[in-house]
Peer 1: 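Below is a structure I'd like to ask you about.
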Amino acid sequence: MPNPYFKFKQFTIYHDRCAMKVGTDGVLLGAWANAQNIKNVLDVGTGSGLIALMLAQRNRDMLIDAIDIDNDAVEQAGENAMRSPFSSQIRCFNTSLQEYALNCDRKYGLIVSNPPYFGQSLKPPGENRSVARHTDSLSVDELIKLSSELLFHNGRLSVIYPFEYKNYLLEQDNLFVTRVTNVYPVPGSLPKRVLVEFSKQRSSLEENDLLIEKKRHIYSDEFISLAKDYYLKL
């Protein structure tokens, strides 16, 4: 049986009731998103609450609203937050982004999302996991359009997707692309993920590459620099 929890340096994530378990994607986004001078954040598809807790650790003045359509995930994210030193910073809600945007009366400086992304590919087994990983519940277009409505005039949206989505993400016109990181698992591999930051303000595009492992189980220097405040063994 898989371990029901994942221990980080300052908090522990239980994910046995979540469709999507703790993984590298969430850690990448939580560490990569630009949270400088941000007071309020919306975490879309929070799952276990990993990204919300990572951001709360980075900024003790930050307030984070975390939403998910999976009620079990929302309950577990709330429990993970309550067990952490950052419980006062995080609120969890069982709702879709579409519903949340209709009823929301606040704006955000940062929206983050490790979103569903299976698109038209084969859905994985298990209804909850399928919903969590499939873009039927939240398309790229919807995520970016609704985020644009919920952001302050200088707000940002940060996401992680499979690399095949890169060109489509760069073609979006509701927000401006300001930063892109192409994620490579190992040297010589094709990029597997892409991290993209959107902004309501136009600025020059920054693009770079990130290597996860120099070789099997040996993390690269750039990944260690990004994740060392979180992983126990870095």
Side-chain angles (χ1 to χ4, degrees), residues 2-3 6-9 13 15 18-36 43-45 47-48 50-51 53-55 57-58 112-126 129-130 132-135 138-141 143-144 156-172 175-199 203-234:
N3 200 326
F6 196 104
K7 190 170 181 59
F8 292 89
K9 285 183 176 177
I13 295 289
H15 54 190
C18 298
M20 299 311 302
K21 309 307 181 187
V22 169
T24 304
D25 286 6
V27 173
L28 281 170
L29 182 59
W32 181 87
N34 183 357
Q36 187 174 6
D43 179 13
V44 178
S48 63
L50 169 62
I51 295 171
L53 281 162
M54 291 180 70
L55 292 170
Q57 177 182 319
R58 290 170 60 182
V112 291
S113 185
N114 177 12
Y117 53 70
F118 268 96
Q120 298 305 311
S121 63
L122 183 66
K123 296 185 182 184
R129 185 172 173 85
S130 180
R133 293 290 292 272
H134 205 275
T135 57
L138 181 64
S139 69
V140 173
D141 295 350
L143 174 59
I144 294 175
R156 298 185 290 267
L157 165 67
S158 293
V159 300
I160 184 167
Y161 272 95
F163 188 77
E164 307 88 81
Y165 282 68
K166 179 180 177 180
N167 288 339
Y168 191 73
L169 290 164
L170 298 186
E171 292 168 359
Q172 296 296 313
L175 294 169
F176 300 107
V177 176
T178 53
R179 190 160 60 111
V180 174
T181 296
N182 308 300
V183 182
Y184 293 78
V186 293
S189 68
L190 294 173
K192 186 177 181 181
R193 297 285 186 266
V194 62
L195 290 150
V196 181
E197 177 189 87
F198 299 87
S199 175
S203 67
S204 57
L205 173 63
E206 301 176 24
E207 184 166 2
N208 61 8
D209 297 333
L210 173 66
L211 179 68
I212 301 295
E213 293 181 323
K214 294 185 288 188
K215 56 184 179 180
R216 182 73 171 166
H217 302 311
I218 304 297
Y219 289 121
S220 70
D221 292 342
E222 56 264 41
F223 182 79
I224 291 173
S225 178
L226 193 65
K228 60 182 173 57
D229 290 339
Y230 305 102
Y231 278 142
L232 283 174
K233 296 182 179 180
L234 294 187

Peer 1: Donor-acceptor pair, distance only, cut-off 3.5 Å: does the side chain of Q57 make one with the backbone of K9?
Peer 2: no
Peer 1: Would the number of heavy atoms belonging to other residues, nucleotides or ligands and lying under 6.0 Å from NZ of K166 be above 12?
Peer 2: yes
Peer 1: Should Y184 and I212 count as side-chain neighbours, where that means a heavy-atom distance under 4.5 Å?
Peer 2: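 SC-SC contact between Y184 and I212 ruled out.
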Peer 1: So Y231 and F8, would you call those rings parallel, tilted or perpendicular, with 30° and 60° as cut-offs?
Peer 2: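 Because their plane-to-plane angle is under 30°, the rings of Y231 and F8 count as parallel.
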Peer 1: Do the non-hydrogen side-chain atoms of L50 and M54 ever get within less than 4.5 Å of each other?
Peer 2: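 L50 vs M54: side chains touch.
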Peer 1: Can you find a heavy atom in the side chain of Y161 that is under 4.5 Å from one in the side chain of P115?
Peer 2: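 Sidechains of P115 and Y161: in contact.
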Peer 1: Under a 4.5 Å cut-off applied to non-hydrogen side-chain atoms, are F6 and K21 in contact?
Peer 2: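 No - every pair of side-chain heavy atoms lies 4.5 Å or more apart.
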Peer 1: Between V186 and R216, is any pair of side-chain heavy atoms under 4.5 Å apart?
Peer 2: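 The answer is no; the side chains never approach within 4.5 Å.
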Peer 1: A side-chain contact here means heavy atoms from C-beta on lying under 4.5 Å apart; do I144 and L157 qualify?
Peer 2: yes
Peer 1: Between L210 and R193, is any pair of side-chain heavy atoms under 4.5 Å apart?
Peer 2: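 When only atoms from C-beta onward are counted, R193 and L210 do not touch, as no gap falls below 4.5 Å.
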Peer 1: Would you say the side-chain atoms of H15 pair up with the backbone N or O of S48, donor to acceptor, closer than 3.5 Å?
Peer 2: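 No: the side chain of H15 does not pair with the backbone of S48.
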Peer 1: Hey, could you give me the CG/CG distance between L55 and L53, rounded to the nearest 0.5 Å?
Peer 2: 9.0 Å
Peer 1: Nearest 0.5 Å please: distance from the OH atom of Y219 over to the CG atom of L234.
Peer 2: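 Reported to 0.5 Å precision, the distance equals 6.5 Å.
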Peer 1: To the nearest 0.5 angstrom, please state how far the NE2 atom of H217 sits from the NZ atom of K233.
Peer 2: 10.5 Å
Peer 1: Just verifying a value: how many Å separate S158 OG and I51 CD1, rounded to the nearest 0.5 Å?
Peer 2: 10.0 Å
Peer 1: Can you tell if the side chain of Y165 reaches within under 4.5 Å of the side chain of V140, non-hydrogen atoms only?
Peer 2: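 Side chain of Y165 against side chain of V140, heavy atoms only: contact under 4.5 Å found.
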Peer 1: State the OG1-CD distance between T181 and E222, to the nearest 0.5 angstrom.
Peer 2: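 Reported to 0.5 Å precision, the distance equals 10.5 Å.
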Peer 1: Starting at CZ of R58, measure out to CG of N34 and round the result to the nearest 0.5 Å.
Peer 2: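 One gets 7.5 Å once the value is rounded to the nearest 0.5 Å.
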